[in-house]
There are 2 protein chains.
Amino acid sequence: MFHVVKYVPALAMLAAMTRRTPRADALTCEVVELLGEVVRRYHDDYDRAAADYALTGAQARVLALLAYGPTPMRRLADRLKCEPSNVTGIVDRLVARGLVERRADEADRRVKLAAATAEGLRTATELRDSLGDFAREPLGRLAETDRRALRDLLHRMLDGGTEPAAL
Amino acid sequence: MFHVVKYVPALAMLAAMTRRTPRADALTCEVVELLGEVVRRYHDDYDRAAADYALTGAQARVLALLAYGPTPMRRLADRLKCEPSNVTGIVDRLVARGLVERRADEADRRVKLAAATAEGLRTATELRDSLGDFAREPLGRLAETDRRALRDLLHRMLDGGTEPAAL
DNA sequence: TATTGTTATACTCTATAACTATA
DNA sequence: TATAGTTATAGAGTATAACAATA
């Protein structure tokens, strides 16, 4: 088995030339590193929870999105930030598992709605509760006062209203 | 093209039976959701930065690890939390790009060390600086006092000393 | 003409299992 | 016998391009 790079866009040099050496200060670097650790743990917990239900991360995310209601394939692709062609496969596998079904959209016959089945909805709910693992472990170490402070800081940081989480 | 699920371990039912309905309080849920948003942005920024250099996320992580010095393949697998067989391919592609080279370990002739080339080291450094995108955008909205408070909260939350970040 | 979803194709990451070479 | 690394294989996610159905 060979591992060969097939195509290498000449973006590296361009990126290097465009670079504007930001070089954040020590405090900022430290916060970025800490957030990196948070990201790592959050992801690990999420994937572990999904694996408990024999779901991949992408499948779990789609199921979480469908908990809000039937959703056009296109919109799922937008939320996952991937190409629509990928969503076809992910939903196919969820359909094969009986967790999701495809419905027609009466208003626009081009669109197909992915919808969680009763079992899919149940799985999504249990999966969501499983995220309590993260809340228990690292978050649980913070007293309520600290959790409130953290909430306010994150709110201030993220500020602009964003849609409900898909990750 | 068919998308069929080949094997479905009967873990779902087991997981459902084992579930202990933690049902975190509203404040904790809100913090978890906010952290989810942070995770999403962090990842997007990381992948975008890697893509600027025509690298995948996994390749960028390996390159970041090699910036600390030559590393046995096995150790890379441990850090990436994946099987050693995967590292072979990832390093192969980096070698094909001229960013990494394999060296023999004199002490134990079974191990092979992956080491960043001069160009690889340069790329790793630029990539690291690119994470400033995250520091600039959402983190930049916090005043220094707030960043300091955030740092302290995250420290308290993560507490136990962890190794340098690979993500 | 533009949009939605699918198919076909290729690449990468992933895990499992079998293999070589060292220890 | 145990460990480090590789190879082979298969499933899953990803992007690109081409296509049919509908708007």
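Here is the naming used below: chain letters follow the sequence lines, and residue numbers restart at 1 for every chain.
Residues forming a salt bridge (charged side-chain N to carboxylate O under 4.0 Å, His left out) with Arg156(B) (at least two apart in sequence, or on another chain): Asp146(A). Residues passing the side chain to side chain donor-acceptor pair (under 3.5 Å) test with Thr28(B), sequence neighbours excluded: Arg147(A), Asp25(B). For the salt bridge (charged side-chain N to carboxylate O under 4.0 Å, His left out) test, residues two or more places apart in sequence or in another chain that qualify with Glu101(A) are Arg103(A). Residues that satisfy the salt bridge (charged side-chain N to carboxylate O under 4.0 Å, His left out) test with Asp44(A), not counting sequence neighbours, are Lys81(B). Listed by chain and residue number, Leu153(A) satisfy the side chain to side chain contact (heavy atoms under 4.5 Å, CB included) test with Ala149(B) (two or more places apart in sequence, or in another chain). By the side chain to side chain contact (heavy atoms under 4.5 Å, CB included) test, Glu119(A) pairs with Leu99(A), Thr117(A), Arg122(A), Thr123(A), sequence neighbours left out. Partners of Arg110(A) according to the side chain to side chain donor-acceptor pair (under 3.5 Å) rule, which considers only residues two or more places apart in sequence or in another chain, are Asp108(A). Among residues two or more places apart in sequence or in another chain, the salt bridge (charged side-chain N to carboxylate O under 4.0 Å, His left out) test is passed with Glu144(A) by Arg148(A).
Note on the helix from dT1(C)-dA23(D) to dA23(C)-dT1(D): terminal axis deviation equals 10°, with five pairs used at each end and the result rounded to 10°.
In this structure, Arg79(A) atom CZ and dT14(D) atom C1' are separated by 19 Å, rounded to whole Å. One can place CE of Met73(B) at 13 Å from C1' of dT7(D), the figure rounded to the nearest angstrom. One interatomic measurement links the two molecules: CG of Leu94(B) to C1' of dC13(C), which rounds to 13 Å at whole-angstrom precision. Between Gln59(B) atom CD and dC11(C) atom C1' there is a gap of 11 Å when expressed in whole angstrom units. Residue Leu76(B) contributes atom CG, which lies 17 Å from atom C1' of dT3(D) at whole-angstrom precision. Asp47(B) places its CG atom 13 Å from the C1' atom of dC13(C), with the value rounded to the nearest Å.
Note on Arg40(A) versus Glu33(A): no salt bridge recorded, every NZ/NE/NH1/NH2 to OD/OE distance being 4.0 Å or above.
Not a single donor-acceptor pair under 3.5 Å links the side chain of Arg93(B) to the backbone N or O of Thr56(B).
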In the 5'-to-3' direction, what one-character label does each nucleotide of nucleotides 14-19 of chain C receive under the scheme B = base within less than 4.0 Å of a protein heavy atom, S = sugar-phosphate only, - = no such atom? BBBB--
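Other residues sharing the hydrophobic cluster of Val111(B), ordered by chain and number and joined by side-chain separations under 4.5 Å: Leu113(B).
Within residues 101-113 of chain B, the residues approaching DNA chain D are Arg102(B), Arg110(B), Val111(B), Lys112(B), by heavy-atom distance under 4.0 Å.
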